[in-house]
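Inspection log for the structure reproduced underneath, given as structure tokens.
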There are 2 protein chains.
Amino acid sequence: MTDFETRERAWIALNRVRTRIYRDAERALVAAGLPKLNWYDVLWELEQYPDGLRPVRLQELLLFDQSSFSRQVMRMAEEGLLTREPAEDDRRGKVLRITPKGREIRARMWVIYRSHIDRGMQSAIEAGSLEDVEVASRRR
Amino acid sequence: MTDFETRERAWIALNRVRTRIYRDAERALVAAGLPKLNWYDVLWELEQYPDGLRPVRLQELLLFDQSSFSRQVMRMAEEGLLTREPAEDDRRGKVLRITPKGREIRARMWVIYRSHIDRGMQSAIEAGSLEDVEVASRRR
DNA sequence: TGACTGTGGATGTATTTGCACTGAATTGAT
DNA sequence: ATCAATTCAGTGCAAATACATCCACAGTCA
């Protein structure tokens, strides 16, 4: 097998595993009346920056589209999960900060998300679904 | 590190790699005036089944939402990439078949998609981004 | 200072998504 | 054979998405 074929198989495997876990976790969250995973990522990232974070930075960290992200942040602020204050040193910009409610929601989401990661990864590994990834990455 | 932490790190790594490649490949496709990757997956799958495939099967293979998928198939049929004929043995259902144009578009998409998989996986592997996945999968 | 270019973020708009529901056809139990 | 339960696929509708564009401000260079 060529290196490209190896990488291609790894890509397919990786893609499958991630899609399944992502979709299942997301459904479980919605069923529990909690937000979806893109909200989770924002909350998690904001928890790493207690001093706040500029939307642009966050957006590029998470590889989100700018305009969608702008509206997503607006909705999250409306729900009280984060605050959006003017940046002191740049009058164009904002600073995002997670709220206590945001932390609480993230924690509740994590319980569910975590269990899906755990079970999903476990079964992918047991089923050998990630073998191709392993092979590819050992070719380095 | 506990097994769970290992799996969690693997999940994060896997998710990052897949998001970056997926997004970049999709942008390149759109820039080339070609359809997005969910269309690609449908076309690829249909090429594996020259006798055609029922929408339900395809939808569960690809883990798509049923109603979104129904409309996606409609759009793809409008573009002439596939045909949607009544199923012979089940008057509720349809049979999807790829068209020559569908094959051609898929081939053109593959040139671009392939290069992104190749470069993306290559650089992820070189950067060690998949090491956590490797470790997790070797814990089996 | 003033003009020029670049950046941060919001918004108008068309397209796409996902949920709930529907109608038609099939399956299975009795 | 009948009738309830299930399956397949499509649709109305509200919400989310992506693209292009816009405005306000920043940075740069003369």
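This structure is a prediction, so every number in the text was calculated from the model and none was measured. Protein chains get the first letters and strands the later ones, always in sequence-line order, with residue 1 at the start of each. Values below: all heavy atoms of this structure, side chains included; hydrogens, waters and symmetry mates excluded.
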Whole-Å distance separating the [atom1] atom of [X] from the [atom2] atom of [N]:
X	N	atom1	atom2	value
L62(B)	dT17(C)	CG	P	13 Å
F69(B)	dC19(C)	CZ	P	17 Å
R54(B)	dT26(C)	CZ	P	10 Å
R57(A)	dG9(C)	CZ	P	8 Å
L58(B)	dG10(D)	CG	P	13 Å
F64(A)	dA18(D)	CZ	P	10 Å
D89(B)	dA25(C)	CG	C1'	12 Å
Q59(A)	dC19(D)	CD	P	12 Å

Considering just the side-chain nitrogens and oxygens of [X], establish if one lies under 4.0 Å of OP1 or OP2 belonging to [N].
X	N	answer
N38(B)	dT17(C)	yes
S70(A)	dG9(C)	no
R27(A)	dC19(C)	no
S68(A)	dA18(D)	yes

Exercise for the section: Tell me which of D65(A) and V73(B) sits closer to the 5' end of DNA chain D, going by the nucleotide each one is nearest to. Expected result: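 Comparing both residues, the 5'-ward one is V73(B).
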
Exercise for the section: Please figure out whether S67(A) or W39(A) has its closest DNA chain D nucleotide nearer the 5' end. Expected result: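 Mapping each residue to its closest nucleotide by heavy atoms, the 5'-most match is W39(A).
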
Practice task
Name the closest nucleotide to the R75(A) side chain, picking from dA25(C), dA16(D), dA9(D).
Solution key: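 The nucleotide sitting nearest to the side chain is dA16(D).
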
Practice task
Consider the side chain of K94(B), meaning its heavy atoms from C-beta on, and name the nucleotide among dC19(D), dA9(D), dC19(C) that approaches it most closely.
Solution key: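 Within the option list, the nearest is dA9(D).
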
Practice task
Using atom types as modelled and distance alone, determine if a side-chain donor or acceptor of R84(A) lies under 3.5 Å from a backbone N or O of V95(A).
Solution key: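 No.
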
Practice task
Verify, without hydrogens or angle tests, whether E26(A) (side chain) and L37(A) (backbone) share a donor-acceptor contact under 3.5 angstrom.
Solution key: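 The answer is yes, because a donor-acceptor pair under 3.5 Å joins these two groups.
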
Please state whether the base of [N] and the side chain of [X] form at least one donor-acceptor pair under 3.5 Å?
X	N	answer
Q66(B)	dG10(D)	yes
R92(B)	dT26(C)	no
R71(B)	dG18(C)	yes

Practice task
Might you confirm whether atom CZ of R23(B) has over 12 heavy atoms from other residues, nucleotides or ligands at distances under 6.0 Å?
Solution key: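 It does: R23(B) CZ has more than 12 such atoms within range.
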
Exercise for the section: State the CD-CH2 distance between E8(A) and W11(A), to the nearest 0.5 angstrom. Expected result: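 Separation between the atoms: 11.5 Å.
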
Exercise for the section: Enter the distance from I21(B):CD1 to S123(B):OG here, rounded to the nearest 0.5 Å. Expected result: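 The CD1 atom of I21(B) sits 7.0 Å away from the OG atom of S123(B).
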
Base, sugar-phosphate or nothing for [X]? Non-hydrogen atoms, less than 4.0 Å.
X	value
R84(B)	sugar-phosphate
R23(A)	nothing
Q72(A)	nothing

Problem - Test item: side-chain donor near acceptor, Y113(A) and W44(A), under 3.5 Å - result: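 Judged by distance alone, the side chains do not pair up.
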
